[in-house]
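What follows is one structure encoded as structure tokens, with my remarks underneath.
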Amino acid sequence: MRAAGLDVVSLAAGEPDFPTPDYVARAGSRAIETGDTRYTATSGTPVLRKAARRWWQQTYGVELADGELIVTAGAKPALHMALLALVDDGDRVLIPAPLWVSYPDLVSVAGGVPVVIPAAPERGFVLDPETLRAQARQHAAKGLILNYPNNPSGAVATPAQIEALLRVAVECGLWVLSDEIYGSLVYEGAEFRSAGSFAFARDRVLLVGGGTKSHSMTGWRIGFLAGPKEIVAAAGRIQSQVLGNPCTISQAAALAMCEADDKADVAARRAAFDERRRWVVEHTAGIDGFVLRPAPLGAFYALFDVRDLCARLGTDDVGLTQRILEEAHVALVPGAAFHAPGFIRLSYAASMADLQRAVDRLAKFATRVQ
Ligand code: PLP
């Protein structure tokens, strides 16, 4: 539509609109200029692995020993290598919806069987321990993928909720792959607590993290996988065959990120996202048919309940998203993509000007179609 000259506002992308911080980008440039462009150790340079463990401790309070972390080419490859290391053919892996789109396919690629646990909007999209226990038993599941703060709902599980889920995971013999890539982006007093910070579950939990979202490093392709030594080492051996080493230049940039004293900088970006989040919550509250309950508290997404509107219009979330695109020229993502039919995701990782234009168009669309 844009190519045809139409003015489309896209709130579909899951990436920050901020540039990579200067001190990070410059470290990458410097690596090129100084010839730091050769192969490295396949699981990341020892200096970066050490710095990343310190970063994780300082950022999320998780102590990691030598050998418990490898560097990967982003969070997605970290998930992929971890699943290849953990999943045997036919193993069932539980994935609570709404879920990030890649999880089921990554489980399948590893030879496993993804089992999606239906979304629970009435629980603020946080999985409840009883459901987990029932599903783990029913499917004789081997693993569980957690993602809080969540893409696409923005849900943040409280420390008590994470602990309760981990207790069930331990009881049922599940390993847990916790994708914490949005861990630095929580708002309004919400507390992020890493699944790796519960000692009783340490030998069952693998963590995925990095600066992709907090430091606008989406294109650098760099991230971390942490957890029990044998599993992390196995993931590293797989990586050594399929990737070689993570990009040397990006490792230099990640080292600058880990070594920087940049809490204020991260906080400033978080505050900017929070301002947009508040604005979206406030200004969509009056739009008939787009219900945001509860308000998102993490990441940079809002997941609207449009089930009533879909019923009234005789369509589903895919059809409604298509109509919004064609009639209001706003691009959003249908909940079906995240196994949350009846919902629509808006990403507020966009300028205030774009948010204002999009919300204005949505409001007019909603009035017109009622
Ligand atoms: N995990 C979640 C929940 C995401 O939303 C995304 C990107 O949108 C990723 C992982 C991918 O991160 P990376 O770009 O570091 O591979």
Side-chain angles (χ1 to χ4, degrees), residues 10-18 20 24 28 44 48 52 55-56 59-60 69-84 93 95-107 109 114 116 119 125-127 144-157 162 176-186 192 194-195 206-226 235 239 242-243 246-247 250-251 253-254 257-258 273 296-303 332-333 335 337-340 345-350:
S10 178
L11 301 183
E15 83 175 333
D17 55 324
F18 301 112
T20 304
V24 175
L48 175 55
W55 174 83
W56 216 309
T59 311
Y60 300 126
L69 177 145
I70 61 168
V71 182
T72 63
K76 191 185 289 207
L79 290 159
H80 178 51
M81 306 303 162
L83 287 166
L84 287 173
V93 178
I95 312 173
L99 52 81
W100 182 51
V101 292
S102 292
Y103 299 143
D105 286 347
L106 286 172
V107 169
V109 167
V116 175
F125 295 113
V126 175
L127 176 64
L144 165 71
I145 300 181
L146 291 180
N147 171 224
Y148 301 109
N150 178 256
N151 178 6
S153 66
V156 181
I162 295 283
V176 178
L177 184 52
S178 185
D179 180 351
E180 305 186 348
I181 198 67
Y182 293 99
S184 294
L185 298 175
V186 294
F192 167 72
S194 171
L206 276 111
L207 306 172
V208 171
T212 306
K213 311 288 179 174
S214 60
H215 288 72
S216 299
M217 292 182 73
T218 47
W220 292 81
R221 309 315 305 141
I222 198 85
F224 310 128
L225 172 70
Q239 170 163 288
V242 298
L243 177 72
C247 171
S250 300
Q251 288 193 63
M257 177 196 94
C258 290
F273 283 130
L297 290 176
F300 35 62
Y301 307 106
L303 192 65
L332 302 169
V333 184
F338 312 103
H339 290 247
R345 189 192 80 172
L346 174 154
S347 164
Y348 53 84

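Atom set for the values below is all heavy atoms of this structure, side chains included, hydrogens, waters and symmetry mates excluded. Atoms within each ligand, like the ligands themselves, are counted from 1 in listed order.
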Query raised in the report: Got Pro246 and Gln251 here, is their nearest side-chain heavy-atom distance under 4.5 Å?
Result: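 Pro246 vs Gln251: side chains touch.
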
Query raised in the report: Below 6.0 angstrom between ring centroids: does that apply to Tyr182 and Tyr301?
Result: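 Here the rings of Tyr301 and Tyr182 have centres that are less than 6.0 Å from each other.
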
Report task. Might you list the protein residues in contact with ligand 1, defined as having a heavy atom under 4.0 Å from one of its atoms, sorted by chain and number? Result ->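 Contacts of ligand 1 under 4.0 Å: Gly74, Ala75, Lys76, Trp100, Tyr103, Asn147, Asn151, Asp179, Ile181, Tyr182, Thr212, Lys213, Arg221.
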
Query - Non-neighbouring partners of Ser184 that pass side chain to side chain donor-acceptor pair (under 3.5 Å), sequence neighbours left out - result: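 Per chain and number, Ser184 pairs via side chain to side chain donor-acceptor pair (under 3.5 Å) with Tyr60.
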
Report task. Could I get the full list of side-chain contact (heavy atoms from CB on, under 4.5 Å) partners for Ala253, not counting sequence neighbours? Result ->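 If we apply the side-chain contact (heavy atoms from CB on, under 4.5 Å) test to Ala253, skipping adjacent residues, the hits are Val24, Met217, Trp220.
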
Report task. With sequence neighbours excluded, tell me which residues meet side-chain contact (heavy atoms from CB on, under 4.5 Å) with Val116. Result ->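 Expected list: Ala97, Leu99, His339.
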
Report task. Please state whether the rings of Phe300 and Phe273 are parallel, tilted or perpendicular, taking 30° and 60° as the class boundaries. Result ->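 Tilted, since the angle between the ring planes falls between 30° and 60°.
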
